[in-house]
Amino acid sequence: MTVRLRFAPSPTGYLHVGGARTALFNWLYVRRHGGAFILRIEDTDVERSSADMVTGILDSLRWLGLDWDEGPGVGGPHAPYFQSERLSKYREAAAHLVADGHAYHCYCTPDELKARREAVESTGGAWRYDRRCRELSADEIARRDAAGEAHVVRFRVPDGETSFDDLVHGRITVAHDVIEDFVLVRSDGHPTYQLSVVIDDVEMEMTHVVRGDDHISNTPKQILIYRALGAPVPAFAHVPLILGPDKKRLSKRHGATSVGEYEGQGYLPEAMVNFLALLGWSPGSGDQEVFTREELVARFTLEGISGGNAVFNPEKLDWFNQQYLARMSPDAIVARLRPTLEAAGLWRSDLDSARQAWMAQVVELVRPRVRKLTDFIPLLRPFLDDEVVRDPAAEAKYLNAAGVHEHLQAWRDRLASVEPFDAATTEAALRALADERGIKAGPLIHATRVAVTGQAVSPGLFDVVALVGRDRVIARLDAALHAAGVSRS
Ligand code: GLU
């Protein structure tokens with residue numbers, strides 16, 4: 001048997017990190033066992049679904065590298081993979097269930113139901129549909145249908161109980177007397193989630209359903225539908241929720257929750273995948289935390305998913321991102337940075353040709369100070385932009401410190417003849433100059449840093465100076481001195 005698993009998002013929002021993790025677990029399981037990963041868009045809620053959201057979800061899945069074998073853009077034997085294009089299947093299935101006695105027409109209007117519910121609740125009772133239409137005679141049904149009375153289709157829940165062996169939570173048993181005769185088709189002819197999801201999972205031949213814990217209470221109802229259809233019941237695994245650091249359900253309050261936001265903030269998809277994989281799943285590998293995609297695939301088991309809720313720790317994500325950045329070649333980083341550099345107006349056409357080796361050195365230099373791709377931009381700016389914008393506070397504190405201009409002028413002249421113009425030689429030259437003039441090296445270093453980078457902090461100054469290059473360093477020192485009103489003697 002080849003495994004068939006699916007991710008079935010409702011396009012009512014962007015891809016949430018919780019949804020991404022569910023998709024990832026499905027994908028890892030399929031790639032481990034060599035089956036098919038199906039993407040199905042559950043867009044029956046027309047009001048709340050949108051094509052933009054579909055595009056956003058697909059883009060985020062692609063960014064994470066979670067490719068699907070059947071679904072939008074790929075097609076497959078069970079197309080279409082949009083539920084909105086499959087409505088007739090659900091109606092037909094519902095008609096069969098009614099004909100077989102597993103479901104029935106219910107003519108109770110929303111107002112009637114409301115009144116009866118309130119009556120029950122006013123005496124402290126818990127309302128479940130009171131099954132008023134469950135045993136209507138065939139004649140009465142025919143008469144009401146002929147009169148065009150609106151109806152929903154309800155499932156006829158049998159007596160007894162339903163059990164299933166959840167691959168994460170173990171055996172779960174639910175008595176049927178807590179399940180009401182739930183609606184399969186609304187009065188406007190639209191299927192409910194319970195119906196459409198089962199019809200599709202049957203037709204698309206799912207062997208496993210791996211989804212969020214929030215669906216546990218739906219599973220017994222869906223198993224009842226599988227049984228009524230005479231269809232094999234897939235294995236179920238319900239994945240615990242993702243909580244914020246305060247142990248409340250992860251939400252906007254905790255910061256970014258959509259995958260697209262993390263992409264925009266400069267996280268690497270491989271770091272995100274590694275981080276999400278370990279959110280509630282244990283590879284049972286001792287201390288190892290950084291896994292290649294192949295390693296994750298090779299180790300993934302549904303049994304390794306923890307039954308407890310997982311806590312989303314953004315600092316851990318940053319840590320993973322740094323781990324991945326540290327392992328990438330500078331050239332690979334430059335390739336990833338290119339769109340961001342272009343957007344910032346910092347891309348130069350020779351950065352991946354004539355100046356490729358130089359750019360690699362610059363990336364190596366700033367990499368230890370970076371957590372995500374976007375952090376590179378301000379750090380790379382002094383190397384890529386000819387114009388330096390000086391931070392006024394840094395300028396006031398270091399560049400315009402008492403007495404510094406005169407020394408800076410001498411240092412500028414010294415730099416003009418330093419040979420070779422590298423980190424070691426420029427550093428030796430600055431220290432020798434400071435000795436000659438009887439001053440400390442520190443103030444001169446700080447002032448030079450502000451002139452060359454515009455900032456009060458930077459990687460090692462002499463490495464920066466060497467990579468920015470003699471002409472630009474001298475031009476920036478001149479510009480800083482000029483701005484301070486120092487004229488050449
Ligand atoms: N469309 C459902 C959701 O987004 C999927 C439910 C399921 O996986 O069965 O929650």
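We count ligands from 1, going down the list as the structure has it; atoms in each ligand are counted the same way.
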Asker: I'd like to know if Tyr193 contacts ligand 1, where contact means a heavy-atom distance under 4.0 Å to any ligand atom.
Answerer: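 Yes, that is the case, since the closest heavy atom of the residue is under 4.0 Å from the ligand.
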
Asker: N/O to N/O below 3.5 Å, does that happen between Val197 and ligand 1?
Answerer: no

Asker: Any cation-pi pair here, Arg293 with Trp27, using under 6.0 Å and within 45°?
Answerer: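 That pair qualifies as a cation-pi contact.
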
Asker: Looking at ligand 1, would Arg6 count as a contact under a 4.0 Å heavy-atom criterion?
Answerer: yes

Asker: On the ring face of Phe291, is Arg299 found with NZ or CZ under 6.0 Å from the centre and within 45° of the axis?
Answerer: no

Asker: Tell me, which protein residue and heavy-atom name are nearest atom 1 (N) of ligand 1, and how many Å apart are they?
Answerer: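 Of every protein heavy atom, Glu42 OE1, 2.6 Å lies nearest to atom 1 (N) of ligand 1.
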
Asker: Less than 6.0 angstrom separating the ring centers of Tyr29 and Phe37, yes or no?
Answerer: no

Asker: For the NE2 atom of His78 and the CG atom of Asp200, what is their distance to the nearest 0.5 Å?
Answerer: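 The CG atom of Asp200 is 10.5 Å from NE2 of His78, to the nearest 0.5 Å.
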
Asker: Report the nearest protein non-hydrogen atom to atom 4 (O) of ligand 1: residue, atom name, distance rounded to 0.1 Å.
Answerer: Ser10 OG, 3.3 Å

Asker: Parallel, tilted or perpendicular, judged at 30° and 60°: which one describes the rings of His215 and Tyr193?
Answerer: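 Tilted: the ring planes of His215 and Tyr193 meet at 30° to 60°.
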
Asker: Could you identify the single nearest non-hydrogen protein atom to atom 10 (O) of ligand 1 and state the distance to 0.1 Å?
Answerer: His215 NE2, 2.8 Å

Asker: Under 4.0 Å from a heavy atom of Arg211: give me the atoms of ligand 1 that qualify, with their elements.
Answerer: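 In order of numbering, the contacting atoms are 7 (C), 8 (O), 9 (O).
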
Asker: Please say which of Arg134, Arg154, Arg156 ends up in a side chain to side chain donor-acceptor pair (under 3.5 Å) with Asp181.
Answerer: Arg134

Asker: For atom 5 (C) of ligand 1, find the nearest protein heavy atom and state the residue, atom name and distance (0.1 Å precision).
Answerer: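 Result: Ala8 O, 3.1 Å.
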
